[in-house]
Visitor: 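Okay, handing you the structure first.
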Amino acid sequence: MPVMTIVEAIRDALHYEMARDDRVIVLGEDVGTSGGVFRATDGLFEKYGRARVVDMPLSESGIIGVSVGLALAGLVPVAEIQFMGFTHNGFHQITEQLARIRYRSWGSLSAPVTIRTPFGGGVRAPEMHSDAFEAHFVHCPGLKVVAPATPQDARGLLLSAIRDPDPVLFLEPLRGYRLIRGEVTTGEYLVPLGKARVAVQGTDCTVVAWSAAVEVAAAAAAAAAEEGISVEVIDLRSLAPLDTETLRASVTKTGRVVVVHEAAQTGGVAAEVIATIQEDEEMFYSLTGPIRRVCGADTPYPVQMLEPAYLISPQRVLRAIRAAVRA
Amino acid sequence: MPVMTIVEAIRDALHYEMARDDRVIVLGEDVGTSGGVFRATDGLFEKYGRARVVDMPLSESGIIGVSVGLALAGLVPVAEIQFMGFTHNGFHQITEQLARIRYRSWGSLSAPVTIRTPFGGGVRAPEMHSDAFEAHFVHCPGLKVVAPATPQDARGLLLSAIRDPDPVLFLEPLRGYRLIRGEVTTGEYLVPLGKARVAVQGTDCTVVAWSAAVEVAAAAAAAAAEEGISVEVIDLRSLAPLDTETLRASVTKTGRVVVVHEAAQTGGVAAEVIATIQEDEEMFYSLTGPIRRVCGADTPYPVQMLEPAYLISPQRVLRAIRAAVRA
Amino acid sequence: MDDPPGSAGGAALVAQTPPLLQVLDPEGRLQVEHPPLSDEEVVRALRGMLLSRRFDERCIALQRRGLMVTLAPGIGQEACSVGSAMALDPARDWFVPQYREAAGMLWHGLPLVQAFLWHMGSPLGFMVPAGKRFLPFQAAVAGHLPHATGLAWGLRLRGADAVVLAHFGEGATSQGDFHEALNIAGVVRAPVVFFCQNNYWAISTPLEWQTAAPTIAQKAVAYGFPGIRVDGNDLFAVYVATRDAVARARAGEGPTLIEGVTYRLGIHTTADDASRYEPLELRERWQDKDPLLRLQRYLQRRGVWTEALASRLEDEVRRELDAAWEEARRVPPPRLEDSLERVFAEMTPRLRAQREALGEEG
Amino acid sequence: MDDPPGSAGGAALVAQTPPLLQVLDPEGRLQVEHPPLSDEEVVRALRGMLLSRRFDERCIALQRRGLMVTLAPGIGQEACSVGSAMALDPARDWFVPQYREAAGMLWHGLPLVQAFLWHMGSPLGFMVPAGKRFLPFQAAVAGHLPHATGLAWGLRLRGADAVVLAHFGEGATSQGDFHEALNIAGVVRAPVVFFCQNNYWAISTPLEWQTAAPTIAQKAVAYGFPGIRVDGNDLFAVYVATRDAVARARAGEGPTLIEGVTYRLGIHTTADDASRYEPLELRERWQDKDPLLRLQRYLQRRGVWTEALASRLEDEVRRELDAAWEEARRVPPPRLEDSLERVFAEMTPRLRAQREALGEEG
Ligand SMILES: Cc1ncc(C[n+]2csc(CCOP(=O)(O)OP(=O)(O)O)c2C)c(N)n1
Ligand SMILES: Cc1ncc(C[n+]2csc(CCOP(=O)(O)OP(=O)(O)O)c2C)c(N)n1
Ligand SMILES: [Mg+2]
Ligand SMILES: [Mg+2]
């Protein structure tokens with residue numbers, strides 16, 4: 001099994017799927033001749049040319065809206081939005097159009113569009129280029145949201161996303177593009193949407209995370225282990241739909257939960273994870289204390305100088321684990 | 001004290017504030033000569049003309065973005081977006097621009113813009129005209145979100161919103177415009193942002209609601225009373241910031257909580273309310289069972305024929321209250 | 001310093017108002033030698049316009065009785081809707097409507113029963129029956145325009161020689177989506193015809209407050225493709241312009257923007273009270289330009305229009321509407337539960353649970 | 001049926017390419033009789049352009065050493081930036097930048113220290129000092145354009161006779177916000193000048209893939225106000241066009257769109273590798289049109305440019321940069337806690353709690 005970075009795994013998935021299915025079309029800003037600003041689409045333009053790999057005008061709403069039309073014509077669009085913050089420029093096309101077309105046509109139409117976009121901070125990107133707004137899309141009926149943490153999952157989930165008959169927002173960990181490496185099963189290897197993964201096994205406390213935060217959680221788990229606390233890390237992988245089964249298996253065992261995300265705390269996805277856990281009777285009655293959130297402060301993502309302090313450290317997660325175990 | 005409908009109370013606030021402060025400018029689609037599609041701005045154009053009451057081009061993003069600029073010029077813009085669903089067309093201007101301008105200018109600029117918009121269903125409006133997406137804005141650092149349930153609060157909160165030095169999204173209950181009536185203190189009467197209201201007092205179960213759902217909750221409370229269950233209804237009024245104090249006072253008393261909203265369940269504001277309640281140790285340890293959600297199904301808001309079944313009935317809330325009390 | 005030469009004034013691009021194409025004047029007089037459509041075709045077109053006119057009138061009446069939901073009639077604009085639809089080949093071309101084009105949609109194959117269901121607030125009104133080539137009516141202004149671009153482009157990429165016709169109002173041209181859709185269409189040379197029904201009003205907002213451009217057609221200059229301005233109450237002008245644009249698109253020459261200059265003879269929707277903002281004399285001026293009247297006058301001049309024909313058309317249309325309305329009322333209303341099955345191809349666990357809960361509450 | 005007359009072709013609006021205004025040719029030869037700026041003014045302008053050029057070069061070098069964050073240099077585009085800023089009155093007019101206009105911002109009053117702080121990733125780089133009339137650099141492409149419209153309109157409503165100048169690239173013209181901002185500006189006749197630096201590239205995307213319109217200036221036709229196309233590497237042309245547009249705006253005649261035809265002589269940002277997409281010969285062709293070179297050649301022709309002047313300017317600029325850089329490095333870095341105080345005028349209870357928690361963790 002080859003070792004790849006996240007961006008290499010994504011690129012591999014795109015090459016694989018474009019070769020397999022000639023309906024797949026890649027479109028976005030700078031995805032063609034330059035191979036994408038993070039090189040995720042590198043080599044595709046050379047292979048398939050502008051008929052299937054399209055450098056688009058600087059129009060996020062247009063890119064998403066046009067993808068809906070391409071899908072209706074029978075193509076399988078994989079649109080790249082250069083940074084997640086700019087999905088907001090096309091938010092109405094995602095929420096009111098793309099995600100609703102099956103529903104509003106009473107099941108007679110569908111738009112199997114995949115929107116790929118990097119999110120989160122940690123690479124000293126300019127203002128607005130590190131936004132993590134996954135919560136906006138989790139509250140968007142008709143849309144699936146996926147956020148892999150490993151190269152293996154990135155590749156396997158991207159293949160599933162592209163083949164899914166419904167629209168999928170595929171969130172890529174910006175700081176993991178080149179920093180997260182791992183073994184990757186190539187070929188016809190798919191990871192199903194909607195299934196979480198136990199990243200680290202443990203018994204005392206469950207830490208729920210996704211995307212780049214899984215590494216932070218794992219580091220905290222390792223530190224906790226040294227203190228004799230056995231932490232289970234759940235990598236959600238899919239934020240919509242949520243995998244309640246995997247959560248239940250872990251939470252009923254540990255009785256303590258910490259949810260980690262980089263996005264601002266208030267209204268973030270942690271809230272939905274908490275609501276989901278606590279409204280399940282079995283999980284609720286196994287809780288020994290409050291579910292804790294380790295999230296970004298309620299500010300926009302800061303510029304670079306403040307970034308190190310804003311990012312969630314394993315220490316912060318560890319403190320929450322300790323508090324949870326003490327409760 | 002005069003009795004007014006919600007839309008009358010809003011109109012009264014606009015007239016009052018425009019007379020008081022000549023920096024206030026009202027802009028939006030059809031707010032001028034027609035007085036707004038719901039007549040919320042009726043009479044303003046006749047009084048102040050196009051210099052202060054502006055029928056804008058059909059551009060939600062433009063209306064919001066231009067309001068930022070007007071505010072920077074020293075004006076106090078009150079922008080109307082005709083229906084909440086269309087705030088998504090300007091979502092990037094709200095999230096990345098309006099809500100961030102104080103933060104990103106390191107406190108040197110500010111944009112005291114109020115965005116008024118009706119939301120929620122129940123009036124047989126066309127597709128996309130009944131959307132309730134308050135959760136998207138609660139997860140938007142730098143923005144305050146207000147959702148009054150009564151004419152009194154509508155007027156008092158709107159005055160506070162307009163005068164607030166920061167941007168406020170002011171959500172008006174579409175089906176309450178003409179249906180919800182009540183006494184209104186006129187003149188210089190303000191309701192502070194960030195403070196919830198105990199709409200109904202009770203001791204057995206707390207029902208948290210806002211906007212049009214408060215009436216539904218109150219009806220459920222009345223029905224529960226007949227069964228001997230004493231329900232306290234908390235009208236949040238402000239969704240951001242949340243009033244944790246008022247929640248704590250109620251939840252530590254009742255130990256049981258139901259949160260009600262019309263928006264789709266997953267990722268809705270109920271999740272944040274639940275997370276906030278349960279992460280407070282005092283509230284957590286007073287809970288006798290899971291906090292329950294009574295929310296819309298995870299679909300887009302349906303067209304009219306399905307609307308009665310989609311809307312939340314007092315009966316559904318009552319069932320949740322019963323379940324909570326039984327637990 | 002004296003006024004420097006090379007002043008920028010000389011280099012300024014002055015907006016050119018495109019001429020208005022008219023083939024039939026309001027009196028029904030042909031402005032050209034040969035009509036672009038045979039008398040039979042004109043009668044068929046008039047019948048389509050009449051069907052829509054009577055459909056709208058009936059639905060407004062039913063709405064007033066509480067039997068229908070808020071709806072946006074196309075009264076006064078039928079020539080734009082039908083004249084452009086006539087230029088399409090329903091066996092390969094697509095119609096992408098806003099919400100005011102029942103006339104064109106019916107012409108292009110929307111079953112009349114479904115049109116009624118739509119105004120009854122049924123989700124079945126938004127279905128696209130297999131084999132039909134249209135998208136559902138669109139409530140978000142301009143939201144469908146990028147879809148039209150993508151659909152046209154995609155069909156061409158898939159090897160079809162299809163053309164897409166998208167309708168919208170002049171208010172829609174102020175939206176970012178209009179801009180992005182047209183700009184992208186220009187770049188990829190999508191076979192799409194953008195038809196703007198400039199009916200002067202966007203609800204209560206007049207054209208002058210919508211844009212400082214004197215015409216909508218000239219907005220095409222921004223996208224590098226032709227903009228054409230036609231008398232939108234002149235079926236012939238609309239038809240000819242659209243036919244040419246469709247031919248251009250089919251030949252791979254890219255998009256066209258057509259502005260049909262027309263007028264909304266009535267309310268914006270049944271929720272609107274136009275008397276609050278509409279000057280009466282403006283309405284009266286346009287009343288006489290009624291596109292149905294114009295075609296009748298034309299047929300009269302040609303000796304084709306007779307009392308008998310008039311009542312035959314009215315009769316046919318009435319019976320068609322009666323039958324469809326009866327059928328629509330008999331369609332069993334869908335249940336909310338059914339809608340939960342249509343969010344995704346397969347229900348998520350939570351949707352399934354929500355669906356079950358609905359069943360229990362039933 | 002024979003080809004009908006009244007074919008739409010005749011009514012089509014054909015896009016007109018606006019002429020390119022040039023006052024100085026690349027050899028520095030004046031194309032008009034009298035220069036629009038005195039020699040002193042030209043030297044001052046050249047100094048401003050040089051300051052920006054050396055600032056960019058220094059920052060790129062510092063970035064390569066890890067001392068600065070990703071940044072977008074304005075190299076090659078200084079004439080657009082400075083020439084347009086020169087047409088403003090800093091005591092009443094506003095400059096609204098994208099992210100590539102350090103040159104114009106410095107000219108308009110951005111303290112050099114702050115420019116360094118910006119590239120150091122400090123939030124202080126985005127402050128607007130009291131009394132200054134500019135907005136912070138904007139990272140979201142075209143996001144600032146509606147602000148420019150609103151600001152200009154609002155200043156006029158408040159009785160100021162101020163004009164707003166907004167800068168952006170040709171890529172920005174594909175955004176919905178560009179469209180909505182310009183359309184609204186046209187309707188309300190806002191005193192705003194929209195300056196598009198058409199530098200051919202939007203990162204790696206060439207103009208032809210950005211829009212099918214052959215020029216950006218012609219996009220003004222859509223909004224009912226003038227569009228002007230100037231040689232963007234010609235300081236005189238830029239200055240003259242902006243000066244005239246500012247005068248129009250100030251006189252209440254509304255907005256103008258100016259297209260400065262220029263070229264990005266280098267990378268998009270320090271995160272970019274232009275060699276992946278940029279044809280070398282294109283770069284070489286434009287290298288000779290360097291706007292600084294052109295002004296030097298002009299001054300040379302006028303006998304003003306000397307070795308002494310050249311090294312005096314370089315010296316001054318170097319010392320100014322040295323001093324500002326030293327000062328910037330000594331500015332104490334803000335803390336994350338401080339940022340929580342700047343979300344709202346007053347912290348919410350939760351922000352206060354988060355701030356306290358940060359303090360404890362500290
Ligand atoms: C994005 C969006 N904003 C606002 C509305 C509310 N609205 C419905 S119709 C309309 C006016 C549309 O005018 P125009 O485009 O000229 O079409 P017409 O109704 O005249 O056919 C408005 C503002 C909407 N449906 N969608
Ligand atoms: C809304 C938005 N989408 C995408 C980006 C990413 N991005 C940054 S610069 C750029 C290209 C901008 O090109 P242009 O407008 O021509 O300006 P230039 O960089 O050439 O000065 C892109 C796509 C962004 N910053 N904002
Ligand atoms: Mg209209
Ligand atoms: Mg550019």
Visitor: What I'd like to find out is whether the side chain of I203(C) reaches to under 4.5 Å of the side chain of E29(B), using heavy atoms alone.
Guide: no

Visitor: T299(B) versus chain C, heavy atoms under 4.5 Å apart: side chain, backbone, both or neither?
Guide: both

Visitor: So for R342(C), is it side chain, backbone, both, or neither that comes closer than 4.5 Å to the heavy atoms of chain B?
Guide: neither

Visitor: In terms of heavy-atom pairs under 4.5 Å with chain C, which of E307(B), Q315(B), Q265(B), M56(B) leads?
Guide: Q265(B)

Visitor: What part of E60(B) gets closer than 4.5 Å to chain C, counting heavy atoms only: side chain, backbone, both or neither?
Guide: both

Visitor: For atom CD of E346(C), is the number of surrounding heavy atoms from other residues, nucleotides or ligands below 6.0 Å larger than 12?
Guide: no

Visitor: Are any of the side-chain heavy atoms of D273(C) and R39(B) separated by less than 4.5 Å?
Guide: yes

Visitor: Using a 4.5 angstrom heavy-atom cutoff, name the option from P308(B), G35(B), A297(B) with the most pairs to chain C.
Guide: A297(B)

Visitor: Using non-hydrogen atoms and a 4.5 Å limit, figure out which bit of Y310(B) sits close to chain C: side chain, backbone, both or neither.
Guide: both

Visitor: CD of E278(C) to OG of S34(B): how many Å apart, nearest 0.5 Å?
Guide: 12.5 Å

Visitor: Counting only heavy atoms closer than 4.5 Å, note whether S313(B) contacts chain C via side chain, backbone, both or neither.
Guide: neither

Visitor: Tell me, for L351(C) versus chain B, whether the close heavy atoms (under 4.5 Å) come from the side chain, the backbone, both or neither.
Guide: side chain

Visitor: Quick check: closest heavy atoms across A202(C) and L58(B), and the distance to 0.1 Å?
Guide: CB-CD1, 4.4 Å

Visitor: Are H129(B) and T70(C) close enough that some pair of their side-chain heavy atoms sits under 4.5 Å apart?
Guide: no

Visitor: I need the minimum non-hydrogen distance between G121(C) and Q304(B), along with the two atoms involved.
Guide: CA-OE1, 3.3 Å

Visitor: Please flag which part of F344(C) lies under 4.5 Å from any non-hydrogen atom of chain B: side chain, backbone, both or neither.
Guide: neither

Visitor: Do you know which two heavy atoms are closest between D298(B) and Q354(C), and how far apart they sit?
Guide: N-OE1, 2.8 Å

Visitor: So which atom in M305(B) and which in P334(C) form the shortest heavy-atom distance, rounded to 0.1 Å?
Guide: SD-CD, 3.9 Å

Visitor: If you define the side chain from C-beta out and look only at heavy atoms, does anything of W209(C) sit under 4.5 Å from T33(B)?
Guide: yes

Visitor: Please report the shortest heavy-atom distance between P123(C) and V303(B), naming the atom on each side.
Guide: N-CG2, 3.5 Å

Visitor: May I ask you to name which of A142(C), G171(C), P206(C) has the most heavy-atom pairs under 4.5 Å with chain B?
Guide: G171(C)

Visitor: Which one of P333(C), A140(C), G125(C) has the most heavy-atom pairs closer than 4.5 Å to chain B?
Guide: A140(C)

Visitor: Answer with side chain, backbone, both or neither: which region of M347(C) has an atom nearer than 4.5 Å to a non-hydrogen atom of chain B?
Guide: neither

Visitor: F126(C) and E127(B): which non-hydrogen atoms are nearest, and at how many Å?
Guide: CE2-OE1, 3.4 Å

Visitor: Taking heavy atoms only and a threshold strictly under 4.5 Å, list by residue number the residues of residues 42-55 of chain B that touch chain C; give 'none' if the list is empty.
Guide: D42(B), F45(B), R50(B), D55(B)

